[in-house]
Amino acid sequence: MSKDHRPKARVAKGFRDIGPDEIRGTRRMLARIQEVYEAYGFEPVEQPFVEYTDALGKFLPDQDRPNAGVFSFQDDDDQWLSLRYDLTAPLARFVAENQQKLPTPYRSYRQGWVFRNEKPGPGRFRQFMQFDADTVGSASPVADAEVCMMAADTMEALGIPRGQYVMKFNSRKLLDGFTETYGIGEDVKLIWLRALDKLDRLGPEGVSLLLGEGRKDESGDFTKGAGLSGKQIEASLAFATAPTLESRFVSGSRNGEEGLRDLEAMQALFQAAGYGEDRIRYDSSVVRGLEYYTGPVFECELLMETKDEEGRTVRFGSVGGGGRYDDLVARFTGQQVPATGFSIGVSRLYAALKLVGKAEESSTLAPVVVLVMDKDRQGDYWRMVQALRAGGIRAEMYAGTAGMKAQMKYADKRGAPLVVIQGGDEKARGEVQIKDLRLGAELAGNIATHAEYAAQRLAQFSVPESEMVAAIAKALAG
């Protein structure tokens, strides 16, 4: 292939490569979350990455074209398919398709990648992982309260102490009551909701612009606003910042009254179960951006502080959220099926755990590398590797074709703690040489001249081949 036609090696915009430490640390974090969810009686389930576009609905995109906000393509039958943009819409399809086989309520959890065809930014990717738990088939506020309590227990299981996180809850029905009272029409209601959802990030001034004529962001892109009047904007901000449920404006509408009753029932359950406001509390600013929420909504916020791109101190913010979505399954069945759930942003939560030193970073040692000194004796080296693995030691035989110098360089790049060397002389004596690369690097720092270096075989010792596994286990432990 000519140089002009070679593809450029680059990761796609809005995506990222992930290294072994983060992968292993994330797996450990997910295992802790899973333990909590299992303790609550939730069962695992998985749905595919790809769904028919009409099954996902139009809750994320605002336009009719199926690729607005989602990655979509057509199959051989001209059917539109899309990569899932969350784990909730596929669950609704699954429940509708298997309703007769599933218990009611159906309690499940799932984890996996989701995809958003949106503008990427710092820390904002088009592919990210979520971990969800949902109860489908219960209209009781108990199901909503349980999800909040489970999320709070999850934060503590991950080592985040009380005072550094809070579960906040609100109700879409209260929001609906407000829009009815203040004449905010259905044509701009979603814009209104999404604007209020940005209150923590943009502050009252930025949200006021989004509620009015619109806002230009740092990149110069303009977002059209809801076009509300000054009175509507002022009332909206007061509504979204009311400090307590008791001080909250409640309209005379049926939605507002139902929303208030739901939240009061949840508060009573939290108090009865011993979850104080230091763990779970009402917060009027919780809105949640997706259109399908119909009742209580909740969000988990981490309160520890970090720095933004300009060095300013900011709170870490939301690492998960959810709410009640009683109409989502009905899109398939025509009958309302109550449901509620919570979703954790896995990458964001892992970044937060790293920030406070609670991420279980990789403690897995790189493998011991058995060098290939004689290509005609690869079977011997392979038996050494198998013996090490049988002894519970990570090990690999060098699989390249280079000489010893390159093999040592390879082991160093791999971070190998030890290498095993057996040339013809060692084979004749029934021995192996074990070189401790960690100790060798430490000792080399104290050598002043090349002559000293050449005169010493740093951190290298011989053992009978029959004692190799025990000697390596001891060296690793020491």
Side-chain angles (χ1 to χ4, degrees), residues 9 11 17-31 350 354 357 359-478:
V11 69
D17 300 312
I18 304 173
D21 283 350
E22 181 174 343
I23 290 171
R24 291 192 180 106
T26 299
R27 285 174 180 167
R28 292 187 179 96
M29 182 186 78
L30 294 175
Y350 181 74
K354 285 191 69 174
E360 294 187 48
E361 290 286 275
S362 175
S363 60
T364 304
L365 279 173
V368 171
V369 176
V370 177
L371 304 189
V372 176
M373 307 303 292
D374 184 348
K375 292 182 175 60
D376 293 332
R377 291 182 45 238
Q378 289 186 337
D380 292 340
Y381 301 128
W382 184 253
R383 281 189 290 274
M384 292 180 194
V385 168
Q386 291 293 75
L388 290 168
R389 292 170 180 166
I393 297 168
R394 289 189 79 204
E396 65 172 79
M397 183 181 80
Y398 178 72
T401 59
M404 182 176 178
K405 184 177 180 181
Q407 292 187 48
M408 290 295 294
K409 188 174 182 181
Y410 167 80
D412 186 54
K413 280 190 173 183
R414 286 285 277 132
L418 306 169
V419 295
V420 178
I421 304 168
Q422 190 188 63
D425 293 343
E426 289 88 1
K427 175 66 175 175
R429 295 193 298 268
E431 296 178 345
V432 295
Q433 293 279 338
I434 299 171
K435 187 173 181 66
D436 189 325
L437 299 184
R438 302 162 303 174
L439 184 57
E442 182 181 331
L443 294 174
N446 298 317
I447 291 178
T449 68
H450 180 73
E452 282 184 83
Y453 184 86
Q456 296 189 36
R457 303 187 75 184
L458 295 177
Q460 186 164 312
F461 58 96
S462 297
V463 297
E465 187 175 338
S466 60
E467 299 175 13
M468 175 190 69
V469 175
I472 287 179
K474 182 178 178 181
L476 292 174

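Note: hydrogens, waters and symmetry copies are ignored here, and every other heavy atom, side chains too, is used.
Of all non-hydrogen atoms in Tyr350 and Ala359, the two that sit nearest each other are CE1-CB, 3.8 Å. Across every non-hydrogen atom of Ile393 and Val469, the tightest pair is CD1-O, 3.9 Å. Here the closest heavy-atom approach between residue Ala366 and residue Pro417 is recorded as O-CD, 3.2 Å. Heavy-atom minimum distance, Met468 versus Val463: CA-CG2, 4.1 Å. Nearest approach of Val368 to Val420, heavy atoms of both residues: CG1-CG2, 3.9 Å. In this structure, Asp436 and Arg438 approach most closely via the heavy-atom pair OD1-N, 3.1 Å.
Judged purely by atom type and a 3.5 angstrom limit, Glu426 uses its side chain to pair as donor or acceptor with the backbone of Gly423. At least one donor-acceptor pair under 3.5 Å links the side chain of Gln407 to the backbone N or O of Val372. Between the side chain of Arg414 and the backbone N or O of Pro367 there is no donor-acceptor pair closer than 3.5 Å.
Interatomic distance, CD of Gln433 versus CG of Leu371, reported as 11.0 Å (0.5 Å rounding). In this structure, the separation between CG on Asp412 and CG on Leu437 is 6.5 Å, given to the nearest 0.5 Å. In this structure, CZ on Arg394 lies 8.5 Å from CG on Leu365, to the nearest 0.5 angstrom. Note that CD of Glu431 and OG of Ser466 are 10.0 Å apart. Values are rounded to the nearest 0.5 Å.
Counting non-hydrogen atoms of neighbouring residues, nucleotides and ligands closer than 6.0 angstrom, the CZ atom of Arg27 reaches no more than 12 such neighbours.
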Report, one line per pair, each donor and acceptor closer than 3.5 Å where one atom sits in a side chain of residues 381-392; sequence neighbours left out.
{"unit_1": "Tyr381", "atom_1": "OH", "unit_2": "Met373", "atom_2": "N", "d": "3.4"}
{"unit_1": "Tyr381", "atom_1": "OH", "unit_2": "Asp374", "atom_2": "N", "d": "3.2"}
{"unit_1": "Tyr381", "atom_1": "OH", "unit_2": "Arg377", "atom_2": "NH1", "d": "3.0"}
{"unit_1": "Tyr381", "atom_1": "OH", "unit_2": "Gln422", "atom_2": "O", "d": "2.7"}
{"unit_1": "Arg383", "atom_1": "NH2", "unit_2": "Asp380", "atom_2": "OD1", "d": "2.3"}
{"unit_1": "Gln386", "atom_1": "OE1", "unit_2": "Arg389", "atom_2": "NH1", "d": "3.2"}
{"unit_1": "Arg389", "atom_1": "NE", "unit_2": "Ala395", "atom_2": "O", "d": "3.0"}
{"unit_1": "Arg389", "atom_1": "NH2", "unit_2": "Ala395", "atom_2": "O", "d": "3.0"}

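Under the salt bridge (charged side-chain N to carboxylate O under 4.0 Å, His left out) criterion, no residue pair touches residues 464-478, with sequence neighbours excluded.
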